[in-house]
Q: 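I have a structure I would like to understand better, so I am pasting it below and will then ask my questions one at a time.
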Amino acid sequence: MSVWQVADAAGLVAALLGELRPARGPIITVDLPGWEAIPRSARHAVVFTRDRAAATAALASIAGAKRGLARLQPVGAGSLATRLGAIDARTRLVIASTWLLQCEGALAAAAGALRPDGILALVGQGQAAQARLAHLSRPRTTPIEDGDEDTPETLGLAFAGHIVATAPIGFDAAVASAEGCTVQSDHRRRAGARHFDVVLWRKTARAEAGGTHG
């Protein structure tokens with residue numbers, strides 16, 4: 001597990017770009033706060049959003065020609081998988097909130113949008129998102145009972161890392177929360193709940209050669 005200090009969601013996205021250094025080409029985001037850091041870094045972004053008004057306001061905050069580097073794609077839970085599947089060119093990086101996991105077929109569509117060796121980064125805040133990411137990251141030692149649940153393994157995604165990111169004021173609480181420790185004070189508990197959990201998966205070349213489930 002890596003622990004980062006970031007000021008806010010945009011700082012986290014900028015830090016991910018600096019750490020992962022995806023090859024040139026569009027970066028796909030899904031329901032991601034702070035996505036505007038991508039065009040501000042002179043990179044193209046395809047922005048799938050369920051809050052068109054907030055995304056439009058964020059787009060307006062980007063200065064000059066860099067505003068044209070972002071393309072907004074309003075989506076809902078029922079349309080996300082289809083819209084992801086319709087992407088023309090595959091990408092080296094998809095960054096999504098854990099809302100993606102609540103949309104039927106969206107995890108498989110995100111995996112399908114990646115080039116070989118591309119990265120899927122899922123970002124969550126709060127206990128519910130942390131639990132979803134922990135469940136998804138758990139190694140599967142037995143078959144899934146109904147055989148219908150998409151998992152990273154069935155989609156050709158290999159676990160590549162876990163990042164905890166928080167503002168300096170909540171740093172100790174975030175680390176304690178991520179490590180499963182008891183946080184004693186209400187202030188530290190609230191600070192820990194505001195941290196970001198980022199779990200990374202890498203698309204394997206084997207998945208590209210053999211196809212994916214779904």
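The model shown is predicted, which means the values in this text are computed figures rather than measured ones. Residues: numbered from 1 along the sequence shown.
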Q: Of all the heavy-atom pairs spanning Arg92 and Ala23, show the shortest one and how long it is.
A: CG-CB, 3.9 Å

Q: At their closest point, which heavy atom of Ala111 faces which heavy atom of Lys203, and how far apart are they?
A: O-NZ, 3.0 Å

Q: I'd like to know if Arg202 pairs up with Asp117 as an ion pair, taking the criterion as any Lys NZ or Arg NE/NH1/NH2 lying under 4.0 Å from an Asp or Glu carboxylate oxygen.
A: yes

Q: When you look at CZ of Arg67, are more than 12 heavy atoms from neighbouring residues, nucleotides or ligands closer to it than 6.0 Å?
A: yes

Q: Does any part of the side chain of Leu80, heavy atoms only, come nearer than 4.5 Å to the side chain of Trp99, both counted from C-beta?
A: yes

Q: Check whether any side-chain heavy atom of Pro22 lies under 4.5 Å from a side-chain heavy atom of Arg43, and answer yes or no.
A: yes

Q: Could you state the interatomic distance from SG (Cys103) to CZ (Phe48), rounded to the nearest 0.5 Å?
A: 11.5 Å

Q: Considering residues, nucleotides and ligands other than Glu104, do more than 12 of their heavy atoms fall under 6.0 Å from its CD?
A: no

Q: Heavy atoms only: give me the nearest Val164-His162 pair and the separation to one decimal.
A: CG2-NE2, 3.8 Å

Q: If you round to the nearest 0.5 Å, how far is CD1 of Ile95 from CG of Leu12?
A: 8.0 Å

Q: Do you reckon Leu69 sits in the same ILVMFWY cluster as Ile87, going by side-chain contacts under 4.5 Å, direct or chained?
A: no

Q: Does any non-hydrogen side-chain atom of Asp197 lie less than 4.5 Å from one of Gln125?
A: no

Q: Closest heavy-atom contact between Ala109 and Gly85?
A: CB-N, 4.3 Å

Q: Contact between Leu17 and Leu93 at the side-chain level, heavy atoms closer than 4.5 Å - yes or no?
A: yes

Q: Looking at side-chain heavy atoms only, is the closest gap between Ser97 and Leu122 below 4.5 Å?
A: no

Q: Using a 4.5 Å cut-off on heavy atoms from C-beta on, say whether the side chain of Trp4 contacts that of Ile163.
A: yes

Q: Can a donor-acceptor pair be found, under 3.5 Å and without considering hydrogens, that links the side chain of Thr56 to the backbone of Arg52?
A: yes

Q: Is there a donor-acceptor pair closer than 3.5 Å between any side-chain N or O of Arg83 and the backbone N or O of Pro74?
A: yes

Q: Is Leu157 close to Leu120 at the side-chain level, that is, under 4.5 Å between some pair of heavy atoms?
A: yes

Q: Using the rule given for side-chain contact (heavy atoms from CB on, under 4.5 Å), can you reason through Thr91 versus Leu114, listing the C-alpha separation, both sets of side-chain angles and the distance that settles it, and then say yes or no?
A: CA-CA 5 Å; Thr91 181; Leu114 287 170; 4.2 Å; yes

Q: Can you list the steps and then say if Leu155 with Leu107 is a side-chain contact (heavy atoms from CB on, under 4.5 Å)?
A: CA-CA 9 Å; Leu155 297 171; Leu107 180 61; 3.6 Å; yes

Q: Starting from the C-alpha separation in whole Å, work towards a yes-or-no answer on side-chain contact (heavy atoms from CB on, under 4.5 Å) for Trp201 and Leu136.
A: CA-CA 11 Å; Trp201 285 271; Leu136 197 67; 3.5 Å; yes

Q: Provide the closest heavy-atom pair for Val46 versus Pro26 in the form atom of the first, atom of the second, distance.
A: CG2-CB, 4.1 Å

Q: Looking at every non-hydrogen atom in both residues, tell me the closest pair between Val6 and Ala165 and how far apart they are.
A: CG2-CB, 3.9 Å

Q: Please check this pair: side chain of Thr98 against backbone of Ala129, looking for a donor-acceptor N/O pair closer than 3.5 Å.
A: no

Q: Give the C-alpha distance, both sets of side-chain angles, the deciding distance and a yes or no for side-chain contact (heavy atoms from CB on, under 4.5 Å) between Leu59 and Leu72.
A: CA-CA 9 Å; Leu59 183 65; Leu72 303 186; 4.0 Å; yes

Q: Have Ser61 and Arg40 got a donor and an acceptor in their side chains that come within less than 3.5 Å?
A: yes

Q: Taking Thr29 for the side chain and Leu32 for the main chain, is one N or O donor matched with an acceptor at less than 3.5 Å?
A: no

Q: Quick one: CG on Leu16 to CZ on Arg21, what's the gap to the nearest 0.5 Å?
A: 12.5 Å

Q: Short question: side chain of Ser41, backbone of Ala37 - any donor-acceptor pair under 3.5 Å?
A: yes

Q: Testing the 3.5 Å rule here: is there a donor-acceptor pair between the side chains of His135 and Arg138?
A: yes

Q: Whether the side chain of Ser137 engages the backbone of Ala134 through a donor-acceptor N/O pair (distance < 3.5 Å, no angle test) should be reported.
A: no

Q: Should Asp31 and Leu100 count as side-chain neighbours, where that means a heavy-atom distance under 4.5 Å?
A: no

